[in-house]
Amino acid sequence: MFKDKACIVGVGETPFCRKPGSGLSEMGIQLKAAVAALEDAGLKAAQIDGILPFPNVGKAEAFAASLGCENLRFAATLHMGGAAPVGSLRMAAMAVTSGAADYVMVPGGWNGYSGARVRETAATDVNSIPGGEIARDFYMPFGLTAPPQWYALMARRHMHEYGTTAEQFGAVALAMRKHAQLNPAALMHGKPLTMDDYLASPMIASPYRLLDCCVETDGAAAFIVTTVERARDLRQKPVYIMGAAAGQPYPADEITNRADFHRTGLTNAAPEAFRIAGVTPADADFAQIYDCFTFEVIQQLEEAGFCKRGEGGAFVENGGIELGGRLPVNTHGGLLSQAHVLGIAHVVEAVRQLRGEAGARQVADAEIGVVTGWGDFGDGSIAVLRR
Amino acid sequence: MSEQATPNDKPMPALTGLHGQFYAWCRDRELRFQRCTRCGRHRHVPREICAHCSSMEWEWSRSSGRGTVFTWTEVVRALHPAFGAATPYAPVVVEMEEGVRLLSRVVDCPPDALQIGMPVEVDFQQISDGLTLPVFRRAAVAP
Ligand SMILES: [Zn+2]
């Protein structure tokens, strides 16, 4: 088992932007982040022998050829959408502790604003959407075509069963935006948000308003995993991987026919990750929760065990997930207010917090942090990290 | 069907394989789900094998057509070019009496009048010569 034997030794990010676009290709922007992660770690590209790219934005072979990784021997892509980076973190830990690779790079990024927009790719490439032919034949003819619509079905049901409110969704949006005010790199830095602003934002796919949705971004990020032994020779204090797991809802390829409509990949993955780590959700000093839309934060807090199912709305209210609250969530501003770089920035932020490098948004004496990923029709991944 | 109601760039199901068989029944104005002939369970979407008992023996079993609204979303801003003129509209998940759920629309109910638990019954909307979609209408409250 990889518990405390693997660690994150390097992180890198590009600047995040919308207009006028990054000016780089999708591969170019990811290579920029990869080089930044190598520099952070004090590693040469030639030492990277494992690469786990994000689905549909680049192949390991191309990364290796571009960077000069002549000894690539471990390459794979997890097809879990936004759950892929944290799932890849776990796979990287397994790889380096088993000897399948020495140094594993997990890159990801895109021109999510200036390039092909997620909401448009489904129109042209059915294989790019989860469910594939199921979505093509049974969802899209009825106009269910894009992520906020899929997840809105879940959010509506949660509101119905547990009384979760629009204001509670708003509390998530406000917390992310508040944190972004402390992060100069965030797209929404300098743009504070009130509950009135949130409630007045136009409906997109009810119950989701515009401000329930993440910010489409040009940007990239990357991190590097190795063993604790190899980390001793490197530049940074390692961030240890205490536990990690991934999981799928059932069925994973079809949203509507789930016996337990709220059971997601995280429902089973989180107890596994905490058991491996030997800690409980209450031990976390912060959590970086994949926040493609506001309700997904509430849902994941519940399914990860930070509160009981149905209590997530109350958990996020009254500053509960803000810095200074019971569990600071997405201290960088998240996908909602920092940038949407596919969830990799959530790992980067966790590392910065555990290194004590988070500046104005630093969680005092942060020792243990949790990172989650959410993707496709509810795939989940989670890692428990410590300094 | 009016031409206007069927812009040809709307996404269409592929009418092949088991999916095609499902829609072939719809073209005959029948809603049918696969029913495992070993354990008797219905399933949707179509699959080759029963996930409960692993039997590959099944039949197309006619649905009562009755169900209730399980959840929905009102799409106010279309996120697919073909649906831009259709907003607002509401994809609805209907839970059928047979226990399966399917994604459809309730065609005679404005989105803001939808309610979870609302009884609905199947109807059919011909899109083209080859394709008819199963849709729903409001039904009287079940006895
Ligand atoms: Zn069966």
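Keep in mind the model is a prediction, meaning the values are calculated, not measured. All chains are named by letter (A, B, ...) in the order of the sequence lines, taking the proteins before the strands, and each is independently numbered beginning at 1.
Rounding to the nearest 0.5 Å places CD of Gln115(B) at 9.5 Å from NE2 of His160(A). One distance of note links CZ of Phe261(A) with CD of Glu95(B); it measures 10.0 Å at 0.5 Å rounding. With rounding to the nearest 0.5 angstrom, the CZ atom of Arg258(A) is 10.0 Å from the CZ atom of Arg101(B). Of the inter-residue distances, the one linking His44(B) atom NE2 with Phe138(A) atom CZ reads 5.0 Å to the nearest 0.5 angstrom.
Contacts of Asp376(A) classified as side chain to side chain contact (heavy atoms under 4.5 Å, CB included), with partners at least two apart in sequence or in another chain: Pro130(A), Asp379(A).
The part of Ala259(A) that comes within reach of chain B is its backbone (N, CA, C, O), which places non-hydrogen atoms under 4.5 angstrom from that chain. For Tyr151(A), no part sits under 4.5 Å from any heavy atom of chain B, backbone or side chain. Heavy atoms of Pro134(B) lying under 4.5 Å from chain A belong to its backbone as well as its side chain.
No side-chain heavy atom of Met203(A) sits under 4.5 Å from any side-chain heavy atom of Val75(B). Side-chain contact check for Leu144(A) versus Arg105(B): every heavy-atom pair is 4.5 Å or farther apart.
Ranked by non-hydrogen atom pairs under 4.5 Å with chain A, the options Leu133(B), Leu131(B), Ile116(B) are led by Ile116(B). Annotation: maximal heavy-atom pairing with chain A below 4.5 Å, among Val100(B), Val76(B), Thr73(B), occurs at Thr73(B). Residue with the most contacts toward chain B among Pro141(A), Pro202(A), Pro148(A), Ala152(A): Pro141(A) (heavy-atom pairs, distance under 4.5 Å).
Counting only residues at least two apart or in different chains, ring-ring contact (aromatic ring centres under 6.0 Å, His included) contacts with residues 82-121 of chain B comprise His80(B)-Phe83(B), Phe83(B)-Tyr89(B). Screening residues 129-157 of chain A for salt bridge (Lys or Arg N to Asp or Glu O under 4.0 Å) gives Arg157(A)-Glu161(A) as the qualifying pairs, with residues at least two apart or on separate chains.
When all heavy atoms of Ser104(B) and Phe142(A) are compared, the closest pair comes out as CA-CD2, 3.6 Å.
Between the side chain of Asn257(A) and the backbone N or O of Leu102(B) there is no donor-acceptor pair closer than 3.5 Å. Looking at Arg77(B), its side chain never comes within 3.5 Å of a backbone N or O of Ala205(A) through a donor-acceptor pair.
Near-neighbour residues of residues 21-32 of chain B relative to chain A, defined by a heavy atom under 4.5 Å from a heavy atom of that chain, comprise Phe22(B), Tyr23(B).
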Does the side-chain contact (heavy atoms from CB on, under 4.5 Å) test come out yes or no for Leu103(B) and Met140(A), once each step is laid out? CA-CA 10 Å; Leu103(B) 193 287; Met140(A) 293 181 65; over 6 Å; no
